[in-house]
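To start, the structure under review is shown below, and the notes come after it.
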Amino acid sequence: MEIPPFPKPESLEAAFALQKALAQRVVLAGSLEGVRRIAALDASHKRGKPLVAVAVLYHLERGPLSVGLGVVPEAALFPYIPGLLSFREAPAYLEALRALPEAPEALLVDGQGIAHPRGLGIAGHLGVHLDLPSLGVAKSLLYGRPEAPLPQEAGSAVRLLSPDGRPLGYAYRSRAGVKPLYVSPGHRVGVEEALAFARALPTRFRLPEPLRLAHLEAGKALRALD
DNA sequence: GCGACAG
DNA sequence: ATCTTGTCGC
């Protein structure tokens with residue numbers, strides 16, 4: 001898998017301009033039917049420590065296959081600024097992906113896809129950078145609003161709309177009695193197809209199993225640093 | 001000017 | 001992301 005370097009923007013203006021340019025490359029069409037091997041991406045961080053990123057190579061029928069780690073020293077990190085998350089975490093994710101024994105067919109990312117002020121959340125940024133299908137599954141909302149209250153039933157979903165009424169993704173209740181997740185396409189997948197894929201993921205608790213495993217591994221790896 | 005604000 | 005005890009509930 002080709003993994004180009006991820007240059008750190010020299011200014012906020014440059015970061016915004018890059019997002020706008022890359023957002024134009026996003027392809028909002030495609031199905032993930034037939035995709036079996038995905039990489040689930042999540043990160044853990046504590047001030048004073050490096051950022052630890054994890055890529056779990058996960059086969060939808062066989063379960064987890066391997067875990068890749070990416071570690072970036074705090075001093076090398078772009079600051080966390082809402083809307084600019086990819087500049088902080090993507091370099092670590094690329095490192096984690098390089099550590100995998102084989103390339104995934106798609107990316108499942110903890111964060112937004114197109115449900116983002118400039119249409120390029122971290123899922124889309126990584127998808128375009130690697131030319132891979134990707135979707136974002138976020139635990140909270142950054143941009144857009146659900147068009148109606150989300151029913152309590154497991155599996156229910158309501159569209160997420162931009163301020164001007166464009167569909168960005170879905171608020172999605174993965175299990176009864178849990179807070180919603182926010183699903184949006186990153187790259188090379190449609191809005192409906194992204195939701196269909198999320199719904200088909202094995203889900204024992206709130207997070208789809210691949211992301212939950214990535215979350216657990218990231219926390220474990222961070223603790224193991226000291 | 002006042003909020004909102006992924007991880 | 002992390003800081004944090006008990007507490008409600010399956």
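The figures that follow rest on heavy atoms only: side chains count, while hydrogens, waters and symmetry mates do not. Proteins come first, then strands; the chains are lettered A, B, ... in the order of their sequence lines, and each starts at number 1.
Residue contacts shown for Leu41(A) are absent, as no nucleic acid heavy atom lies under 4.0 Å away. Contact annotation for Ile122(A): base contact, defined as any heavy-atom pair under 4.0 Å involving a base atom. At a threshold of 4.0 angstrom between heavy atoms, the contacts of Gly177(A) with the nucleic acid are absent.
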What side-chain donor-acceptor pairs closer than 3.5 Å can you find for residues 179-186 of chain A, not counting sequence neighbours?
| unit_1 | atom_1 | unit_2 | atom_2 | d |
| --- | --- | --- | --- | --- |
| Ser184(A) | OG | Gly113(A) | N | 2.7 |
| Ser184(A) | OG | Ile114(A) | N | 3.4 |

Side-chain atoms of residues 78-88 of chain A: list all donor-acceptor pairs with protein atoms under 3.5 Å, sequence neighbours left out, distances to 0.1 Å.
| unit_1 | atom_1 | unit_2 | atom_2 | d |
| --- | --- | --- | --- | --- |
| Ser86(A) | OG | His125(A) | ND1 | 2.9 |
| Arg88(A) | NH1 | Phe78(A) | O | 2.7 |

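Judged by distance alone, with hydrogens and angles left aside, the side-chain atoms of Thr203(A) form a donor-acceptor pair with the main-chain N or O of Leu201(A) at under 3.5 Å.
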What nitrogen or oxygen pairs link the protein and nucleotides 1-10 of chain C at under 3.5 Å?
| unit_1 | atom_1 | unit_2 | atom_2 | d |
| --- | --- | --- | --- | --- |
| dA1(C) | OP2 | Lys139(A) | NZ | 3.0 |
| dA1(C) | O3' | His45(A) | N | 3.4 |
| dA1(C) | O3' | His45(A) | O | 3.4 |
| dT2(C) | OP1 | Ser44(A) | OG | 2.8 |

Q: Would you sketch DNA chain C in dot-bracket for me? Only Watson-Crick or G-U wobble pairs with both distances under 3.5 Å count, crossing pairs as [ ], other-strand pairs as |, the rest as dots.
A: ..........
Q) For DNA chain B, what dot-bracket results from Watson-Crick or G-U pairs at under 3.5 Å, with [ ] for crossers and | for inter-strand partners? A) .......
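Checked for salt-bridge contact, Asp131(A) and Arg188(A) meet the test: a charged N lies under 4.0 Å from a carboxylate O.
With sequence neighbours left out, Arg37(A) forms a salt bridge (charged side-chain N to carboxylate O under 4.0 Å, His left out) with Glu102(A). Evaluation of the side chain to side chain contact (heavy atoms under 4.5 Å, CB included) rule for Ser162(A) yields Tyr143(A), Asp164(A), Arg166(A), Leu168(A) as partners, not counting sequence neighbours. Shown here are the side chain to side chain contact (heavy atoms under 4.5 Å, CB included) partners of Val158(A), two or more places apart in sequence or in another chain: Pro146(A), Leu150(A), Pro151(A), Ala171(A). Scanning for salt bridge (charged side-chain N to carboxylate O under 4.0 Å, His left out) contacts around Arg118(A) gives an empty result, with sequence neighbours left out. Taking the salt bridge (charged side-chain N to carboxylate O under 4.0 Å, His left out) definition, one finds that Glu95(A) meets it with nothing, sequence neighbours left out. With sequence neighbours excluded, the residues forming a ring-ring contact (aromatic ring centres under 6.0 Å, His included) with His129(A) are Phe6(A), listed by chain and number.
Boundaries of the chain A contact region on DNA chain B are dA4(B) to dG7(B), first to last in 5' to 3' order (nucleotide atom under 4.0 Å from a heavy atom).
Between the side chains of His45(A) and Glu74(A), at least one donor N or O lies within less than 3.5 Å of an accepting N or O.
Atom CD of Gln24(A) has 12 or fewer neighbouring heavy atoms from other residues, nucleotides or ligands inside a 6.0 Å radius.
Hydrophobic clustering of Ile, Leu, Val, Met, Phe, Trp and Tyr side chains at less than 4.5 Å, counting indirect connections, unites Ile3(A) with Leu57(A).
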